[in-house]
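One structure is given below, encoded as structure tokens.
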Amino acid sequence: MEQYDHTAIEEKWQRVWADAGAFHVSNASTRPKSYVLEMLPYPSGTLHMGHMLVYTIGDVVTRFRARNGLHVLHPQGFDSFGLPAENAAIKEGVHPRVSTERNIEHITSSMRRVGWAYDWSRSLTTHDPTYYRWQQWQFLKFLERGLAYRKGAPVKWCPNDQTVLANEQVRDGRCERCGFEVESRLMEQWFFRITDYAQALLDDLETVDWPDSIKARQRNWIGRSEGAEVLFLIDGLDEDVPVFTTRPDTLYGATFFVLAPEHELVARIDSDDVREYVRRAGVKKTAERAQAIEKTGVFTGLHAINPVNGEQLPVYVADYVLTDYGTGAIMAVPAHDQRDFDFATAFGLPVRQVVRPPDNDVDESVAYVEHTEGEVLVNSGEFDGLPAPEGGRGIVERLEAEGRGGFTINYRLRDWGFSRQRYWGCPIPIVYCEECGIVPVPEDELPIVLPEIEDYKPKGVPPLAQAEEWVNVSCPKCGGEAKRETETMDTFVDSSWYFLRYCDVSNDEAPFERAAVDYWNPVDLYIGGVDHATVHMIYARFWVKVLNDLGMLGFREPFAQFFSNGWVTLGKTKMSKRAGNIVGPDDFIERYGADACRLNILFLGPANEDMEWTESSVEGMSRFVRRLWRVVSEVAEVAPTSEPGAGPLARKAHWAIAKVSDDVGRRFAFNTAIAAVMELVNELSRESAGPESRFAAETAVSLIQPYAPHVAEELWSKLGHEGLWEAPWPVADPAMLEVESVEVVVQVNGKIRDRLQVSPDLDEDELVALARASERVGEYLDGEEPARTVVVPGKLVNFVT
RNA sequence: GCCGGAGUGGCGGAACUGGCAGACGCGCGGGACUCAAAAUCCCGUGUCCUCAGGGACGUGUGGGUUCGACUCCCACCUCCGGCACCA
């Protein structure tokens with residue numbers, strides 16, 4: 001028997017697949033389509049076991065679906081703009097393009113060695129001008145629609161990376177990438193008006209097949225809350241200030257009024273105390289502000305008029321009011337809000353209860369914030385005695401009639417600030433003209449290609465500002481002197497539409513042809529980690545909705561089904577380059593082969609749960625592959641070719657077909673499918689020369705192919721067949737799934753006392769008679785007649801006394 | 001605080017719709033082959049008791065429903081993750 005030489009076998013079949021164009025798909029087929037996609041990887045130089053998991057899941061599904069008659073699109077590319085390459089450039093002086101492309105080359109060759117079935121002819125890299133040209137083009141469409149705009153806004157600024165961060169890139173007040181504490185700065189920024197789509201993003205979650213946990217995260221992120229907006233007139237400034245509240249029922253309980261330090265009106269308050277407070281609040285790190293336990297604030301000397309009763313409420317500036325939620329101003333109702341209560345306590349402000357729970361005396365020493373059935377309004381003028389929800393509604397309706405308020409819905413989601421003071425990103429096709437202002441670059445001048453620069457170091461101004469020849473242009477409108485936008489786009493823009501580009505990757509007249517995109521989309525199975533469940537996946541959904549509104553495509557949701565893979569951990573920490581705990585597949589592929597590695601990563605546990613990396617399991621898997629090789633090779637040599645019978649081995653094979661088909665096709669239970677093939681191989685090894693052995697061997701090889709395609713292909717040809725990658729998936733014969741005899745459990749009072757081997761189609765009476773006849777049952781029944789007999793045909797008989 | 005998820009042998013896990021708890025693998029113990037080792041193969045492997053037939057206990061804890069609960073219900077404990085001065 002030939003030795004199992006994994007390297008030779010894997011190289012051989014990878015060549016065969018490439019030569020045959022095995023995974024190359026066209027945009028037309030009579031077969032039904034399936035689009036299988038894993039999240040776009042950032043090209044760090046090396047693969048690790050986390051990548052191994054995600055891409056092998058996608059690969060198994062791809063190969064399984066292809067053999068089940070589907071026309072499967074399974075592309076791969078790289079999210080190749082972004083900070084790490086630029087940081088490396090700053091550190092080592094290598095041009096980001098050079099290091100990025102070197103990384104891509106390296107990681108691609110690793111990917112090819114794993115044997116993943118990608119249509120590499122559709123590959124894309126987001127730093128390629130042929131890709132980002134069409135991103136710039138789409139940006140211009142967004143701009144035309146008013147969905148991209150520029151405004152001054154307080155932004156999260158990372159003093160280390162010298163750049164603005166999206167809210168999503170801030171974790172616990174720190175820069176997600178470098179861990180530096182984030183500051184707040186007021187800057188002109190580009191925004192996408194994603195908030196226009198908040199409700200649609202929420203509603204359409206109903207239409208996708210995603211895990212509930214992921215949907216919950218998105219709902220959380222969008223943060224819809226129903227309430228009212230109420231206008232308070234600030235005396236002295238003569239300004240109406242809107243506040244958002246979810247508790248309009250407590251309006252009569254407002255005893256003071258608070259503005260966030262960043263609120264636009266604060267600058268107009270002429271008070272040294274206020275200016276000093278605002279200055280100090282601005283210096284405070286975001287993290288400090290969020291963690292502060294003691295409430296701080298300053299009285300402005302002004303008063304706001306409560307529109308429900310005309311009361312004069314003292315106006316404070318305090319940093320417990322957030323500038324970017326609601327309107328940045330609140331009415332404070334200390335009796336019914338813990339934060340307001342804390343502030344009132346610290347500043348000696350009055351507390352007035354206006355909602356009374358049933359059978360409760362008014363206790364103004366604590367805030368009553370919960371909701372109880374039957375609570376009623378008190379101290380609320382004409383609304384006294386009404387149930388709180390009804391009273392709240394009445395109050396808003398009256399304000400509405402008076403033009404001082406109305407019902408409204410507020411979202412936590414904020415517009416997407418997407419400009420970055422960075423070099424290695426997609427240039428924003430905008431020119432600033434002194435005469436004409438913000439001028440979009442005409443479409444026929446795209447792409448605006450990233451210029452070469454000398455120095456990547458951030459200096460507070462974007463690195464692109466140094467590329468003077470590039471920056472100074474004439475205005476497309478008036479021809480006068482103008483300057484290019486020097487900020488670049490957030491890389492989440494790049495990954496918001498790449499899955500569309502794959503469908504028509506070399507189009508140089510449009511981002512994609514609508515027919516191609518409509519044919520393949522939505523993605524039938526999207527695979528990736530939870531860490532992108534709120535960020536990337538919300539942006540991509542937004543992007544698709546906008547393109548749909550622009551008539552560029554015919555669907556509203558990009559990802560019909562989402563499989564959230566678990567994390568591969570090492571030392572209980574998610575494996576990642578940043579955590580410095582990566583174990584790569586290259587070494588293991590060399591030692592044990594790609595097939596063993598692919599099997600191993602999926603056998604570690606359920607693919608949607610976290611799994612700790614262990615080296616010993618690869619060895620176990622390598623044993624299995626070698627065993628498979630030996631057993632099947634032997635069968636190929638000695639087992640007769642004959643019609644498969646209906647004996648135990650053939651039945652086991654059919655059982656395995658049914659099990660693997662269901663596990664891979666429906667349940668995504670990749671680990672148990674492998675276990676089923678192992679069981680089959682175990683039985684086969686005990687009977688390698690029987691009349692059913694050849695069928696069992698063929699079945700085992702065929703079933704393991706999505707996982708271990710190389711060795712499966714080699715064994716398939718040893719068995720005398722060709723082209724397993726395109727062979728039809730085996731179908732289980734239902735007749736063969738029925739067993740000749742089953743073991744029926746006989747219980748007395750729910751405890752197993754005997755087991756019977758019986759025919760599965762024995763009727764209930766016969767089964768009970770047989771069970772009654774059992775000696776052991778007789779012992780436990782001890783002469784008594786069972787009061788009740790429960791029969792589950794083919795499973796058990798239970799006598800209850 | 002709100003939301004989501006998970007607790008099963010020495011370990012990873014299986015049990016999908018309420019019906020044999022521990023499939024499959026790792027590890028460990030014993031044996032075969034070998035001069036020896038590796039590789040391979042075979043047997044055993046939840047805990048305790050045992051007259052060696054078997055018996056009792058056992059899926060985070062406490063209750064409940066049921067002939068029967070890892071699975072359903074109630075209460076709780078622990079761990080992991082998300083959101084969070086969000087008005």
Side-chain angles (χ1 to χ4, degrees), chain A residues 171-172 211-221 223-225 227 243-247 250 258 260 289-293 295 318-322 324-333 336-340 342-343 369-370 410-414 530-531 533-534 567 572 599-600 603-606 608-621 623-624 626-627 630 659 662-663 666-667 669 671-679 681-682 685-686 742-753 755 776 786-801:
Chain A
R171 298 231 186 279
D172 301 321
D212 288 340
S213 58
I214 305 296
K215 289 189 183 184
R217 282 195 196 204
Q218 291 217 348
R219 290 198 188 97
N220 236 335
W221 193 264
R224 176 192 157 104
S225 55
V243 304
F244 174 74
T245 176
T246 53
R247 295 294 306 275
T250 64
V258 190
R289 218 166 122 166
Q291 282 156 15
I293 299 155
K295 297 263 181 297
D319 66 5
Y320 82 91
V321 171
L322 304 176
D324 44 12
Y325 184 78
T327 62
I330 63 156
M331 64 159 189
V333 185
H336 304 294
D337 182 284
Q338 193 59 51
R339 295 152 300 177
D340 296 344
D342 294 344
F343 190 86
V369 297
E370 33 315 294
N410 192 61
Y411 298 91
R412 197 195 76 104
L413 183 74
R414 268 159 263 132
V530 273
D531 36 350
T534 44
W567 287 342
K572 304 266 170 172
L599 281 162
N600 177 66
F603 192 66
L604 236 36
N608 60 336
E609 286 171 28
D610 293 355
M611 55 190 84
E612 176 77 5
W613 169 254
T614 53
E615 193 168 326
S616 60
S617 65
V618 200
E619 284 166 40
M621 201 44 80
R623 268 205 286 276
F624 167 68
R626 292 199 309 269
R627 184 177 158 84
R630 255 191 339 269
K659 173 76 178 155
D662 189 47
D663 281 356
R666 181 182 62 92
R667 298 176 63 211
N671 54 335
T672 53
I674 296 170
V677 179
M678 284 174 167
E679 284 190 53
V681 172
N682 285 347
S685 72
R686 280 178 221 117
V742 285
E743 193 180 63
V744 168
V745 174
V746 185
Q747 300 179 328
V748 177
N749 291 325
K751 297 209 187 233
I752 299 157
R753 297 306 178 183
R755 291 153 200 271
R776 295 192 28 83
R788 193 175 158 191
T789 305
V790 181
V791 185
V792 182
K795 293 251 165 124
L796 96 176
V797 178
N798 186 12
F799 297 112
V800 186
T801 58

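Below, chains carry the letters A, B, ... as their sequence lines are ordered, and counting in each starts from 1.
If you check every strand for non-hydrogen atoms under 4.0 Å, A:N682 touches sugar and phosphate atoms only. Across all strands shown, A:S225 has heavy atoms under 4.0 Å from sugar-phosphate atoms exclusively, and none from any base. Contact annotation for A:R753: backbone-only contact, meaning every heavy-atom pair under 4.0 Å involves sugar-phosphate atoms and none involves a base. Residue A:D662 is classed as a base contact, given a heavy-atom separation below 4.0 Å to a base. Across all strands shown, A:K659 has heavy atoms under 4.0 Å from base atoms, whether or not it also approaches the sugar-phosphate. Heavy atoms of A:I330 sit under 4.0 angstrom from at least one base atom. Looking at heavy-atom distances under 4.0 Å, A:G620 makes contact with sugar-phosphate atoms alone, never a base. Backbone-only contact: A:P606 has heavy atoms under 4.0 Å from sugar-phosphate atoms and none from a base. A:S617 comes within 4.0 angstrom of nothing in the nucleic acid, heavy atoms only. The residue A:Q747 sits close to a base: some heavy atom pair falls under 4.0 Å.
For A:R412, a side-chain nitrogen or oxygen approaches OP1 or OP2 of B:A84 to under 4.0 Å. Contact check, A:R627 against B:G25: no side-chain N or O comes under 4.0 Å of OP1 or OP2. Dashed line: the shortest gap from a side-chain N or O of A:R623 to OP1 or OP2 of B:C26 is under 4.0 Å. Here A:R666 does not reach the OP1 or OP2 of B:C16: none of its side-chain N or O atoms lies under 4.0 Å away. Side-chain N/O atoms of A:R217 include none lying less than 4.0 angstrom from OP1 or OP2 on B:G4. Distances shown here put every side-chain N or O of A:N671 at or beyond 4.0 Å from the OP1 or OP2 atom of B:G12. For the OP1/OP2 pair of B:C41 and a distance below 4.0 Å, the side-chain nitrogens and oxygens of A:R630 include at least one atom meeting the criterion.
Side-chain proximity of A:L796 to B:C67, B:G19, B:C24: nearest is B:G19.
Taking atom P in both B:G54 and B:A75, the straight-line distance is 44 Å, to the nearest Å. With C1' as the reference atom, B:C11 and B:C16 are 25 Å apart, rounded to whole Å. A distance of about 16 Å separates the C1' atoms of B:G68 and B:U17, rounded to the whole Å.
Donor-acceptor pairing under 3.5 Å is recorded for the side chains of A:R627 and A:N682. A:Y320 and A:D342 form no side-chain donor-acceptor contact under 3.5 Å, judged by distance and modelled atom types alone.
Side chain A:R339 to base B:A87: a donor-acceptor pair is found below 3.5 Å. Between the base of B:C83 and the side chain of A:N220 there is no donor-acceptor pair shorter than 3.5 Å. Contact of A:R219 with B:C3 (side chain to base): no donor-acceptor pair of N or O atoms is detected under 3.5 Å.
You'll find the side chain of A:W613 reaches within 4.5 Å of the side chain of A:V618, heavy atoms only. Residues A:N671 and A:L604 have side chains not in contact (no heavy-atom distance under 4.5 Å, counting atoms from C-beta outward). Looking at A:N600 and A:F624, their side chains never come closer than 4.5 Å, going by heavy atoms from C-beta outward.
Annotated as syn: B:G53, whose O4'-C1'-N torsion sits within 90° of 0. Glycosidic conformation of B:G9: syn, with the torsion inside 90° of 0.
Looking at A:Q747, its side chain never comes within 3.5 Å of a backbone N or O of A:F799 through a donor-acceptor pair.
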Once Watson-Crick and G-U wobble pairs under 3.5 Å are found, how is RNA chain B written in dot-bracket notation, 5' to 3', with | for any base paired to another strand?
-> (((((((..(((......[....)))((((((.......))))))((((....))))..(((((..]....))))))))))))....

